[in-house]
Number of protein chains: 2
Amino acid sequence: MSNYSAMQNTFSNSFKALSNPNRLALFSRLMNCCAPGTKCDATIAVRFCVGDLGEGLNIAPSTLSHHLKELNRAGLVEMERKGKNVECWVEPEKLKALSSFFQPD
Amino acid sequence: MSNYSAMQNTFSNSFKALSNPNRLALFSRLMNCCAPGTKCDATIAVRFCVGDLGEGLNIAPSTLSHHLKELNRAGLVEMERKGKNVECWVEPEKLKALSSFFQPD
DNA sequence: ACTACAATTCGAAACATGTCGAATTATAGT
DNA sequence: ACTATAATTCGACATGTTTCGAATTGTAGT
């Protein structure tokens, strides 16, 4: 347990997911709730459907879908189908984990 | 100023630098001071010469050099020649900036 | 000057990533 | 059943990344 290099691997996968500017933009929208037409409330996980998330990013739907899948695989973004749409959000715990990675003990 | 997408770009470059497991290991050593034969003192930026940093990572010196250069270009690691060696360290400010990226306002 | 050690640059090979358009699946409403 | 909208999968192509060994540069000591 507490396998050092396994944890390192998890984090490097997270950072890989955030290393692409488009993916980081998607993640930031979910994280900051500063996206078009959204009220800001940091206590509740913000939800977007896939299409709205990609708004203004100028990427093809297939590319958007691919990026969200990567974020989901890295464990950074949750996804759930809701009718015709698929809703996406970030769990606050994930933010805490990432934030504390950079805080020396 | 306070150009949103420029800041996003800086961060995606940082995360790209940390997306490689070997580079993340190098960065972690400088950050955590948990490396072989080092006393732990979080108040002072820890310094390693390039060779010692790569200890146990099983990568060629040329690869090690390349990775450190990437970390340096991303602005995450500082480097300074000191005689035969080149010393590397992480500025505590960088850690603070990265950590607070994940903290919603 | 010569030697030894530390680190970097260069070129090449194998592999991974970002992107698209076309085709497909999922769901809801008519 | 049919149609429209949302999202995904697939195959392809161009570009980037990781890694190495060989050659090179920088520095200190003999």
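Here is how names work: the chains are called A, B, and so on, in the same order as the sequence lines, proteins then strands, and each is numbered from 1. All values below come from the heavy atoms of this structure, side chains included, with hydrogens, waters and symmetry mates left out.
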Review point. OP1 or OP2 of D/dA7 less than 4.0 angstrom from a side-chain nitrogen or oxygen of A/N85, does that happen here?
Key: yes
Practice item. List the atom of A/C88, the atom of A/V50, and the distance in Å for their closest heavy-atom pair. Key: SG-CG2, 3.9 Å
Review point. Over how many whole Å does the gap from B/L24 atom CG to D/dT18 atom P extend?
Key: 12 Å
Review point. Rounded to the nearest 0.5 Å, how far apart are CG of B/N13 and CG of A/L24?
Key: 10.0 Å
Check your understanding: Say you draw a straight line from CG of B/L30 to NZ of B/K94; how long is it, rounded to the nearest 0.5 Å?
Key -> 14.5 Å
Practice item. Write down the distance between NZ (A/K69) and P (D/dA6), rounded to a whole number of angstrom. Key: 21 Å
**Study point:** For B/E87, all residues meeting side-chain hydrogen bond (donor to acceptor under 3.5 Å, both in side chains), sequence neighbours excluded
**Key:** B/R47
May I have the list of side-chain donor-acceptor pairs in residues 66-83 of chain A shorter than 3.5 Å, sequence neighbours left out?
residue	atom	partner	partner atom	Å
A/H67	ND1	A/R23	NH1	3.1
A/N72	ND2	A/V77	O	2.7
A/R81	NE	A/G83	O	3.2
A/R81	NH2	A/K84	O	3.2

Review point. Roughly how many Å is it from CD in A/E87 to P in D/dA6, rounded to a whole number?
Key: 14 Å
Check your understanding: Hey, can you pull the residues of residues 75-84 of chain A with a non-hydrogen atom under 4.0 angstrom from DNA chain C?
Key -> A/R81, A/G83, A/K84
Point to revise | For A/F101, ring pair (Phe, Tyr, Trp, His ring centres under 6.0 Å) partners two or more places apart | key: A/F11, A/F15
**Study point:** With A/S99 via side-chain hydrogen bond (donor to acceptor under 3.5 Å, both in side chains) - residues at least two apart
**Key:** B/S99, B/Q103
Revision key, fill the gap. Rounded to whole Å, CG of A/L68 lies from C1' of D/dT8 at a distance of 11 Å
Practice item. Could you grab the distance from atom CG of A/L26 to atom CD1 of A/I59, nearest 0.5 Å is fine? Key: 6.0 Å
Revision key, fill the gap. Counting primed atoms, P, OP1 and OP2 as sugar-phosphate and everything else as base, the B/S/- map of nucleotides 17-24 of chain C against protein heavy atoms under 4.0 Å is SSBBBB--
**Study point:** Nearest-Å distance for atom pair CZ/C1', residues B/F48 and C/dA6
**Key:** 17 Å
